[in-house]
Amino acid sequence: MKLGEFEIHVVSDGLFKLDGGSMFGVVPKIIWQKTNPSDDMNRIELGLNCLLIRTGEKNILVDTGMGDKWDDKMRSIYDFRPGDGLLGELAKLDLEPEDIDIVIQSHLHLDHAGGSTRTLEDGSCVPTFPKARYVVQKGEWDVATNPDIRSKPSYMGQDFLPLQESGQLEIIDGDTEILPGVRTIMTPGHTMFHQSIIVESGGEAAIFLADLIPTTSHVRPNYTMGFDLYPMWVIENRIKIIDQIVAGDWLCVFEHDPKTALGRLKREGKKVWAEPV
């Protein structure tokens, strides 16, 4: 769709599942299962919605899904169904990996950065997008390359270390304008250095929320995930960003919603909900 002078496209890396209790933290299952029904293993369906921004001069990709570096066991655990995968979705838009100029990572967890690299026949990993610069927050890079015991399972070095080896890694520190109309803002809580991405053109705006508000069900500020390292920060930052989104009528990209990738937030009193676009 058009966003001012830009084009934006949701490009999917497929579907996967995670434990419903982990996705909704202290919210009782009797409540969340009404909108997010679980399977017999208590897993709920989730999307891998990445964002392509076409400015007319640059092709920018925000997050890269789970990628192709998965054995049968891991695919089964996450019930990962890539479909055509990220590269297949880009191909439908007549884009090859070489056509991507910038990749912005909200953070480096395996379900957000997995597609940043690909596996060669000899088993080595190289950047999926050979001409792109990969933009990562400094603090997130430091944590990912030296994770604590709780964070370690969420990071896979093969997803991001090859970016440094190839010289394509670009480290930023804090809120940053990537190019006119595309900027990152710090939205910590899920991880300490998590960032969201704002796109602005022609008086219109969109925000890629990543794991600050992963699905439309998480627009309720207190619906934090068990995966959130700093849940009170998530609540505070959600309240703050929701105020801005509603006031500006921003378009929202929900990275993990399996049905509603794009929506606009509406508010009546204390109630906030997402209307699909």
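Numbering of residues begins at 1 and proceeds along the displayed sequence.
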K.L.:
side-chain contact (heavy atoms from CB on, under 4.5 Å) between R54 and L52: does it pass, once the steps are laid out?
P.N.:
CA-CA 7 Å; R54 306 183 85 163; L52 174 71; 4.0 Å; yes

K.L.:
Would K271 and W273 count as a cation-pi pair here, with the cationic atom under 6.0 angstrom from the ring centre and within 45° of the axis?
P.N.:
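The answer is yes; both the distance and angle limits are met.
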
K.L.:
Linking I/L/V/M/F/W/Y whenever their side-chain heavy atoms sit closer than 4.5 Å, directly or via other members, would Y155 and W70 fall into one cluster?
P.N.:
no

K.L.:
Do the charged groups of E177 and R183 touch, with an N to O distance under 4.0 Å?
P.N.:
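No, this pair does not count.
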
K.L.:
For Q158 and T117, which I'm curious about, is there any donor-acceptor pair between the side chains at under 3.5 Å?
P.N.:
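The answer is no; no qualifying pair exists.
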
K.L.:
Using atom types as modelled and distance alone, determine if a side-chain donor or acceptor of D13 lies under 3.5 Å from a backbone N or O of L86.
P.N.:
yes

K.L.:
Hey, what do you get for NZ (K17) to CG (L46), rounding to the nearest 0.5 Å?
P.N.:
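The distance works out to 10.0 Å.
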
K.L.:
Parallel, tilted or perpendicular, judged at 30° and 60°: which one describes the rings of W233 and Y230?
P.N.:
parallel

K.L.:
If I take atom CD1 from residue I31 and atom CZ from residue R220, how far apart are they, to the nearest 0.5 angstrom?
P.N.:
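If I round to the nearest 0.5 Å, the distance is 9.0 Å.
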
K.L.:
Is there side-chain contact between K131 and D101, with at least one heavy-atom pair below 4.5 Å?
P.N.:
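Not in contact.
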
K.L.:
Go through the steps to decide whether L209 and C252 satisfy the test side-chain contact (heavy atoms from CB on, under 4.5 Å), and finish with yes or no.
P.N.:
CA-CA 7 Å; L209 293 156; C252 298; 3.9 Å; yes

K.L.:
Please tell me whether D257 and T216 have a donor and an acceptor in their side chains that are separated by less than 3.5 angstrom.
P.N.:
yes

K.L.:
Give a yes or no on whether a salt bridge exists between K152 and D148, defined as a side-chain N under 4.0 angstrom from a carboxylate O.
P.N.:
no

K.L.:
Please report the closest heavy-atom contact between G20 and I44, naming both atoms and the distance.
P.N.:
CA-CG2, 3.8 Å

K.L.:
Under the side-chain contact (heavy atoms from CB on, under 4.5 Å) criterion, do L93 and V11 qualify, and how do the steps go?
P.N.:
CA-CA 9 Å; L93 299 171; V11 283; 4.0 Å; yes

K.L.:
Can you check side chain to side chain donor-acceptor pair (under 3.5 Å) on T191 and H107, steps first, answer last?
P.N.:
CA-CA 8 Å; T191 69; H107 60 301; 5.6 Å; no

K.L.:
Which distance, rounded to the nearest 0.5 Å, do you find between the OG of S12 and the CD of E89?
P.N.:
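Taking OG in S12 and CD in E89, the distance rounds to 5.5 Å.
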
K.L.:
Let me see the working for N36 and S217 under side chain to side chain donor-acceptor pair (under 3.5 Å), right down to the final yes or no.
P.N.:
CA-CA 8 Å; N36 300 82; S217 297; 2.8 Å; yes

K.L.:
Can a donor-acceptor pair be found between the side chains of S116 and T64 at a distance below 3.5 Å?
P.N.:
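Distance-only check passes for S116 and T64.
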
K.L.:
Which atom names give the shortest non-hydrogen contact between D228 and R150, and what distance separates them?
P.N.:
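Smallest heavy-atom distance, with atoms named: O-NH2, 3.9 Å.
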
K.L.:
I need the E45 CD to T215 OG1 distance, nearest 0.5 Å.
P.N.:
12.5 Å

K.L.:
Does M186 share a hydrophobic cluster with L212, counting links as ILVMFWY side-chain heavy atoms below 4.5 Å and allowing steps through other members?
P.N.:
no

K.L.:
Who clusters with V10? Use side-chain heavy atoms, under 4.5 angstrom, across I, L, V, M, F, W and Y, and order the result by chain and number.
P.N.:
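When side chains under 4.5 Å apart are linked, the cluster holding V10 also contains M1, L3, F6, I8, L51, I53, I60, V62, I102, I104, V135, I172, I178, L179, V182, I197, V199, F208, L251, V253, L262, V277.
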
K.L.:
Between D111 and H256, is any side-chain donor less than 3.5 angstrom from a side-chain acceptor?
P.N.:
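Indeed, the side chains of D111 and H256 share at least one donor-acceptor pair under 3.5 Å.
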
K.L.:
How long is the gap from NZ on K259 to OG1 on T35, to the nearest 0.5 Å?
P.N.:
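Output value for this atom pair is 9.5 Å.
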
K.L.:
For side-chain contact (heavy atoms from CB on, under 4.5 Å), just list the numbers for H194 and D211, CA-CA rounded to whole Å, side-chain angles, deciding distance to a tenth of an Å, and then say yes or no.
P.N.:
CA-CA 8 Å; H194 182 279; D211 276 345; 3.8 Å; yes

K.L.:
Among F254, F24, Y223, find the one that has a ring pair (Phe, Tyr, Trp, His ring centres under 6.0 Å) with H218.
P.N.:
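Of all the options given, the one that passes is F24.
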
K.L.:
Just to verify, what does D122 make a side-chain contact (heavy atoms from CB on, under 4.5 Å) with, not counting sequence neighbours?
P.N.:
L120, S124

K.L.:
Check the angle between the aromatic planes of W141 and F160 and answer parallel, tilted or perpendicular using the 30° and 60° thresholds.
P.N.:
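It falls in the perpendicular class, over 60°.
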
K.L.:
For the residue pair N59 / D99, report whether a side-chain donor-acceptor contact shorter than 3.5 Å exists.
P.N.:
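Their side chains do not contain a donor-acceptor pair, so the 3.5 Å distance test is not met.
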
K.L.:
Go through the side-chain N and O atoms of Q137 and D173 and say whether any donor and acceptor fall under 3.5 Å apart.
P.N.:
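Not at all, the side chains of Q137 and D173 share no donor-acceptor pair under 3.5 Å.
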
K.L.:
Check the hydrophobic clustering (I, L, V, M, F, W, Y; side-chain heavy atoms under 4.5 Å; chains of links allowed) and say if F193 and I171 are grouped together.
P.N.:
yes

K.L.:
Return yes if a side-chain donor-acceptor contact under 3.5 Å exists between H9 and E7, otherwise no.
P.N.:
yes

K.L.:
Would you please classify the geometry between the H109 ring and the H190 ring as parallel, tilted or perpendicular, with 30° and 60° separating the classes?
P.N.:
perpendicular

K.L.:
In terms of side-chain heavy atoms, does E57 have a donor or acceptor partner in T55 at a distance below 3.5 Å?
P.N.:
no

K.L.:
Hey, what do you get for CG (D68) to SG (C125), rounding to the nearest 0.5 Å?
P.N.:
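Rounded to the nearest 0.5 Å, the CG-SG separation comes out at 8.0 Å.
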
